[in-house]
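Here the structure comes first, spelled out in C-alpha cells, and everything after it is commentary.
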Amino acid sequence: MQDSFGRSITYLRVSVTDRCDFRCVYCMSEHMTFLPKAEMLSLEELERLCITFVDKGVERLRITGGEPLVRKNVMTLFERLGMRLGRGLKELTLTTNGSQLSHFAQGLHDAGVRRVNVSLDTRDPDLFRRITRWGDLGKVLKGLEAAQKAGLGVKINTVALKGLNEDEIADLLRWSHAEGFDFTLIETMPLGEVEEDRSDRYLPLSLVRGRLEREMTLTPSTHRTGGPARYFDVAETGGRLGLITPLTHNFCESCNRVRVTCTGMLYMCLGQEDSADLRAPLRASNDGAALDAAIEAAIRRKPRGHDFVIDRRTAQPALARPMSLTGG
Ligand code: SAM
Ligand code: SF4
C-alpha cells in the first residue's frame, strides 16, 4: 500500500474500544459519554479488518483504545491476530494504561505479543490519582511486574505535564531504565474536550530535554520507527529516551501509519479530520472487494502532513475527536 507521496503504509493502530477505567485529565472529561455499543465493531469485525490490512502489506499492528484490556474477550482478538505472526505480520503490540496487565500479561505473551507500551505519568500515588482521576498506581506497578515476568518488553510512555509531573521526569527516566524499560515522553496534544485548560499543561519537550541535559548525556540515536518520536541514547543509564513532539512537522515525510477507530473509521493522519468509513463496506458483504476498494481510496488521500493548531486564547482543541477514539 503506497500513498500518493510514495510512502508505504506498513503500520496500523486499531482502537478496540473508546471506554476506559481511567479518566486522565488531558484525555477525557470526567463525564465522558461513550459510543453506543451497536456502533462499535465486533471482535470478529475487528479481526477481519486487521487481517485485510495485513493482506495489503501492514506488518505491524498496535491495539489501543480507550483502554484495550477493558474490552470484553479482547484476548481472543490477540490470539486470532497472533496466528498471522510470521505470515505477513511482523509485530503485534498494544498500548495500555497497565491497570489490567497483571491478569493478561502471560496471555498476551502466549498470543505472540513481545512488547507493550504502558502509559505512566508519575510514580507518586496521590499525583497518579489526580492525573488519572480513577486509577490505582499499585495495580499498574503490579501489571508492570507481571509483564516483566511474562517476558514482555516494556516501554513507558509519559505525557509531560507542566506543574504536574515536570519535576519527576528525570526520576521516571532513571527508574524506567533501571527496570530495563524504554522511556518515551509525549507532548500534550489538543485533542478532544476536557475540563482543564490544556494550554496550562503544555510543556515543550525542547525545555525538558534542556533540563535533562544538565544531569545526563543525551546522544541522538539512529533508531527510527516512522512515527513522531526522535530517540536519544542516555550515557548514564545505558537506556533509550524517546521524545514525541507531534505538533512539529519533523516526521510526516516518513509517516508509515494509519489508524482505525473502534467504529471502523479510518484516519489517515492523527492531526487531520479526513476519514473513511470502513464499517459500511465491512458489513455490506463478506467477499472483501468493497472493503479493499474503500481502503485503497482512503490511502490515496493520506495527506502530506498534519495541521495541529492550538488556539492559546480560547484553548479550544484543534480537533474535537478525543485521543481515546483514535488511540494515540
Ligand atoms: N488507555 C491506553 C493508555 O493510556 O495507554 C491507550 C490509549 S491512550 C489514548 C494512548 C496514549 O495517548 C497514552 O500514552 C496517553 O497518555 C496519550 N494521550 C492521551 N491524550 C493525550 C493528549 N491529549 N496529548 C498527548 N497524549 C495523549
Ligand atoms: Fe484512558 Fe489512556 Fe485516555 Fe488515560 S490516556 S483516559 S488511560 S484512554
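All residue numbers refer to positions in the sequence shown, counting from 1. Treat the numbers as computed from the prediction; the structure is a model and nothing was measured. Indexing begins at 1, ligand by ligand and atom by atom, following the structure's order.
Those atoms of ligand 1 with a heavy atom of Val159 less than 4.0 angstrom away are 16 (O), 26 (N). Close approach to Cys27 involves these atoms of ligand 1, each under 4.0 Å from a residue heavy atom: 19 (C), 20 (N). Near Thr96, the atoms of ligand 1 lying under 4.0 angstrom from a non-hydrogen atom of the residue are 2 (C), 3 (C), 5 (O). Less than 4.0 angstrom separates some heavy atom of Thr188 from each of these atoms of ligand 1: 24 (N), 25 (C). Near Phe22, the atoms of ligand 2 lying under 4.0 angstrom from a non-hydrogen atom of the residue are 6 (S), 7 (S). Counting the atoms of ligand 2 from 1 in the order shown, those under 4.0 Å from a heavy atom of Cys24 are 4 (Fe), 5 (S), 6 (S), 7 (S).
Under the 4.0 Å criterion applied to side-chain N and carboxylate O atoms, Arg123 and Asp171 are not assigned as salt-bridge partners. Arg87 and Asp55 are not joined by a salt bridge, as no carboxylate oxygen comes within less than 4.0 angstrom of a charged side-chain nitrogen.
At least one N or O atom of Tyr26 sits closer than 3.5 Å to an N or O atom of ligand 1. For Asn157, no nitrogen or oxygen atom sits less than 3.5 Å from a nitrogen or oxygen atom of ligand 1, counting backbone and side chain alike. Ligand 1 has an N or O atom lying under 3.5 Å from an N or O atom of Gly66, backbone or side chain. The distance criterion of under 3.5 Å between nitrogen or oxygen atoms is not met by Ile186 with respect to ligand 1.
Under 3.5 Å, the side chains of Ser221 and Arg240 contain no donor-acceptor pair of N or O atoms. Side-chain polar atoms of Glu187 and Thr245 form no donor-acceptor pair below 3.5 angstrom. Thr217 and Glu236 are linked by a side-chain donor-acceptor pair at a separation below 3.5 angstrom, with hydrogens and angles left out of the test.
Contacts between Asp121 and ligand 1 below 4.0 angstrom, taking non-hydrogen atoms only, are absent altogether. Within the 4.0 Å heavy-atom criterion, the part of Thr64 lying near ligand 1 is the side chain and not the backbone.
Looking at Leu173 and Met216, their side chains come closer than 4.5 Å, going by heavy atoms from C-beta outward.
For Trp175 and Phe181, the ring centers are positioned less than 6.0 Å apart.
The cationic group of Arg60 lies under 6.0 Å from the six-membered ring centre of Tyr11 and within 45° of the ring axis, placing it in a cation-pi geometry.
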